[in-house]
Engineer: 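Structure incoming, see below.
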Amino acid sequence: MTSQGTSDGVERFRTHAPENLQERFAHRAAHMKPSEIRSLFAVASRPEIVSLAGGMPNLTAIPMETMSEIVEKLVREHGMEALQYGSGQGHPRLREQICDVMALEGIRANPDDVLVTTGSQQALDLISRIFIDPGDVVLVEAPSYVGALGTFSQYEADVVHVQMDNDGLIPDALRDAIKTLRYQGRKIKFLYLIPNYQNPAGVLLPADRRTEILDICREEKIFIVEDNPYGLLGFDRPSPNAMRSQDSENVIYLGSFSKTIVPGFRIGWALVPQALREKLVIASESSILCPSNFSQMAISSYLANQPWRDQIASFCKLYKERRDAMLESLDAHFPKAATWTKPQGGFYVWVTLPPEIDTKAMMPRAIVAKVAYVPGTAFYADGFGSWSMRLSYCYPTPDRIRQGIAALGKVVEQEMERRGVPQIN
Ligand code: PMP
């Protein structure tokens with residue numbers, strides 16, 4: 001294998017693979033496809049492009065000096081433990097602290113039921129591994145998180161999207177989907193949803209819908225996977241209590257420090273019903289032996305010694321300013337025929353354009369105008385979403401966001417003209 005530098009600075013590997021390699025791969029390798037977002041990163045990360053594509057946390061709010069003192073002290077004073085293998089389930093002290101973090105969203109949990117993972121992404125992989133046989137159905141919101149869709153499809157799930165509106169997943173649509181699938185004799189393994197400031201739609205599921213969805217799934221014996229990396233990032237008020245706070249037996253809860261502290265330590269967790277705990281720990285041990293002791297102890301020390309709630313508040317302030325810049329610029333520069341969500345927290349706005357517009361085909365023109373976004377089809381397993389796009393406001397400065405949205409507004413207008421879509425005044 002040789003590597004080549006390219007003009008976009010990305011190393012590309014030329015593999016001298018035999019032609020019949022496909023035949024040698026396991027069947028599941030056919031379902032391993034690059035994420036649309038990852039392939040966009042090379043272009044979107046050029047400095048002249050305003051990237052509204054990636055969902056990278058804005059680490060300018062993190063006190064890096066403090067972080068480096070924590071890391072330095074950790075190695076100096078606790079190196080023998082921090083740099084050693086640790087427990088497969090996760091560091092006991094951190095699991096206790098994770099329970100304190102979850103208490104902010106109404107969850108009362110026992111540290112014994114927490115499994116520390118390498119980001120919540122690993123938890124998605126483990127859950128898929130223990131639940132999904134090829135052809136099993138996984139229910140997800142429409143649209144849903146691209147990283148979860150990729151994982152479910154690698155395990156050969158049949159991903160079925162359930163309709164959402166500006167208040168998240170619609171309970172009646174869930175009832176209908178379950179009824180239809182059951183009539184067809186399909187096996188539904190779980191419902192995956194992101195109730196807070198959803199990725200990619202930015203919407204919040206209200207408390208009454210949470211209860212209704214919990215009731216439906218309990219009755220239908222369908223596990224809920226509640227993925228909650230953004231829950232503490234509400235701008236004006238806290239989000240409603242986590243769904244897990246109402247049901248400890250039917251909800252598998254996923255949390256992460258990626259958005260509330262930093263993603264670089266790769267620490268997430270799963271809070272699991274007791275009956276599933278052992279299987280998940282065994283699955284995790286087989287993939288990573290144990291989560292990094294070093295990362296866990298760094299996060300643990302940060303939680304113990306730093307005002308982390310204030311830190312989250314400063315993240316919220318920073319993201320709220322950027323959300324405001326984005327919503328104001330969308331109002332000023334986007335055609336009237338476009339609609340978008342108004343997030344009360346998190347990172348994302350979901351824009352819907354007239355159906356004649358194909359946001360994937362429009363992307364090269366946006367790049368020429370020096371702005372990047374993620375086309376809507378990335379967030380559907382079934383090719384839907386071609387006239388929508390996800391815009392992230394978390395990373396660029398408010399000025400860059402304004403500049404990017406103004407440029408993108410023009411691109412959309414030109415695209416509408418090109419496709420003969422009438423302008424509404
Ligand atoms: N779930 C959702 C909804 C996400 O947006 C992300 C990251 N973008 C993840 C899970 C994975 O995060 P991590 O592995 O960093 O915890």
Side-chain angles (χ1 to χ4, degrees), residues 35-38 40-41 44 51-59 62 90 94 98 101-102 105 114-128 138 140-152 154 159 161 164 168-169 190-205 224-234 239 242-244 252-271 284 287-288 291-292 295-296 298-299 312 315 319 341 343 345-350 374 378-381 390-395:
S35 115
E36 296 207 25
I37 297 192
R38 204 169 340 122
L40 263 175
F41 261 136
S51 177
L52 308 173
M56 287 199 299
N58 198 316
L59 300 189
I62 285 287
L94 181 65
I98 285 172
V101 172
M102 291 190 291
E105 293 182 83
V114 174
L115 167 69
V116 179
T117 54
T118 301
S120 52
Q121 189 66 35
Q122 192 213 351
L124 286 169
D125 186 74
L126 299 177
I127 290 163
S128 303
V138 172
V140 302
E141 293 151 306
S144 185
Y145 167 50
V146 60
L149 297 181
T151 304
F152 301 153
Q154 279 191 26
V159 173
H161 290 275
M164 297 168 88
L169 191 80
F190 55 83
L191 164 67
Y192 167 76
L193 83 174
I194 308 154
N196 294 318
Y197 323 117
Q198 202 246 14
N199 181 1
V203 299
L204 181 75
L205 190 71
I224 292 178
V225 177
E226 177 182 25
D227 188 8
N228 188 30
Y230 304 98
L232 296 178
L233 297 180
S239 53
M243 296 173 81
R244 168 59 175 73
I252 303 167
Y253 175 93
L254 308 186
S256 173
F257 290 114
S258 289
K259 275 78 184 187
T260 47
I261 304 181
V262 290
F265 289 122
R266 306 301 302 126
I267 297 294
W269 69 92
L271 171 64
S284 183
S287 66
I288 60 164
S292 155
S295 289
Q296 291 180 87
I299 294 274
I312 294 175
F315 268 133
Y319 293 133
T341 54
F347 288 5
Y348 310 108
V349 171
W350 181 252
V374 186
F379 307 97
Y380 285 89
R390 188 190 77 178
L391 302 179
S392 315
Y393 48 79
C394 45
Y395 201 72

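Whatever order the structure lists ligands and atoms in, that order sets their numbers, starting from 1. Bear in mind the structure is a predicted one, so any value in this text is a computation, not a measurement.
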Engineer: Tell me the protein heavy atom at minimum distance from atom 12 (O) of ligand 1, and give that distance in Å.
Structural biologist: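 Closest protein heavy atom to atom 12 (O) of ligand 1: Ser120 OG, 3.5 Å.
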
Engineer: Mind checking whether Lys259 contacts ligand 1 via backbone (N, CA, C, O), side chain (CB onward), both or neither, at a 4.0 Å heavy-atom cut-off?
Structural biologist: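 The answer is the side chain.
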
Engineer: Check each atom of ligand 1 against the heavy atoms of Gly119 and keep those under 4.0 Å away; list them by number with element.
Structural biologist: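 In order of number, 13 (P), 14 (O), 16 (O).
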
Engineer: Indicate yes or no: does an N/O atom of Thr118 lie under 3.5 Å from an N/O atom of ligand 1?
Structural biologist: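 No, Thr118 has no N/O under 3.5 Å of an N/O on ligand 1.
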
Engineer: Which atoms of ligand 1 have any heavy atom of Arg266 under 4.0 Å away?
Structural biologist: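 In order of numbering, the contacting atoms are 13 (P), 14 (O), 15 (O).
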
Engineer: For the 3.5 Å polar cut-off, considering only N or O atoms, please tell me whether Gln121 and ligand 1 meet it.
Structural biologist: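 Yes, there is a polar N/O contact under 3.5 Å.
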
Engineer: Starting from atom 9 (C) of ligand 1, locate the nearest protein heavy atom and write down its residue, its atom name and how far away it is, to 0.1 Å.
Structural biologist: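 Nearest protein contact, heavy atoms only, for atom 9 (C) of ligand 1 is Tyr145 OH, 3.4 Å.
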
Engineer: May I ask whether Tyr230 has any heavy atom positioned less than 4.0 angstrom from an atom of ligand 1?
Structural biologist: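 The answer is yes, since Tyr230 has a heavy atom less than 4.0 Å from ligand 1.
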
Engineer: Is it true that Tyr319 and Phe347 have ring centroids separated by less than 6.0 Å?
Structural biologist: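 Between Tyr319 and Phe347, the centre distance is under 6.0 Å.
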
Engineer: Any chance you could measure Tyr192, atom OH, to Glu141, atom CD, to the nearest 0.5 Å?
Structural biologist: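 So the OH of Tyr192 and the CD of Glu141 are separated by 8.0 Å.
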
Engineer: Is it true that a side-chain atom of Asn196 and a backbone atom of Tyr230 form a donor plus acceptor pair closer than 3.5 Å?
Structural biologist: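 Side chain of Asn196 to backbone of Tyr230, a donor-acceptor pair under 3.5 Å: no, none is there.
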
Engineer: If you count the atoms of ligand 1 from 1 in the order shown, which ones are under 4.0 Å from a heavy atom of Ile194?
Structural biologist: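 Taking each heavy atom of Ile194 in turn, ligand 1 has 3 (C) under 4.0 Å.
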
Engineer: Suppose I only count heavy atoms of Ser258 and a 4.0 Å limit; which atoms of ligand 1 are within that range?
Structural biologist: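 So the atoms of ligand 1 that pass are 13 (P), 15 (O), 16 (O).
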
Engineer: Could you work out, with ring-ring contact (aromatic ring centres under 6.0 Å, His included) as the rule, every residue matching Tyr393, not counting sequence neighbours?
Structural biologist: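 Tyr393 satisfies ring-ring contact (aromatic ring centres under 6.0 Å, His included) with no other residue.
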
Engineer: Looking only at the side chains, is there a donor atom on one of Ser287 and Gln122 sitting less than 3.5 Å from an acceptor on the other?
Structural biologist: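 Per modelled atom types, Ser287 and Gln122 side chains form a pair under 3.5 Å.
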
Engineer: Under 6.0 Å between ring centres, would you say that holds for Tyr145 and Tyr348?
Structural biologist: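 Centroid distance Tyr145-Tyr348: not below 6.0 Å, so no.
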
Engineer: Of the protein's non-hydrogen atoms, which lies at the shortest distance from atom 1 (N) of ligand 1, and what is that distance?
Structural biologist: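 Scanning the protein heavy atoms, the shortest distance from atom 1 (N) of ligand 1 goes to Asp227 OD2, 2.6 Å.
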
Engineer: Among Ala123, Ser256, Pro229, which one puts a heavy atom closest to atom 16 (O) of ligand 1?
Structural biologist: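 Residue with the shortest heavy-atom distance to the ligand atom: Ser256.
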
Engineer: Which class fits the ring pair Trp350 and Phe379: parallel under 30°, tilted 30 to 60°, perpendicular over 60°?
Structural biologist: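 Answer is perpendicular, since the angle exceeds 60°.
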
Engineer: For residues 259-271, please give each side-chain donor-acceptor pair under 3.5 Å, one per line with the distance, not counting sequence neighbours.
Structural biologist:
residue : atom : partner : partner atom : Å
Arg266  : NH1  : Ser258  : OG           : 3.4
Arg266  : NH1  : Pro263  : O            : 3.4

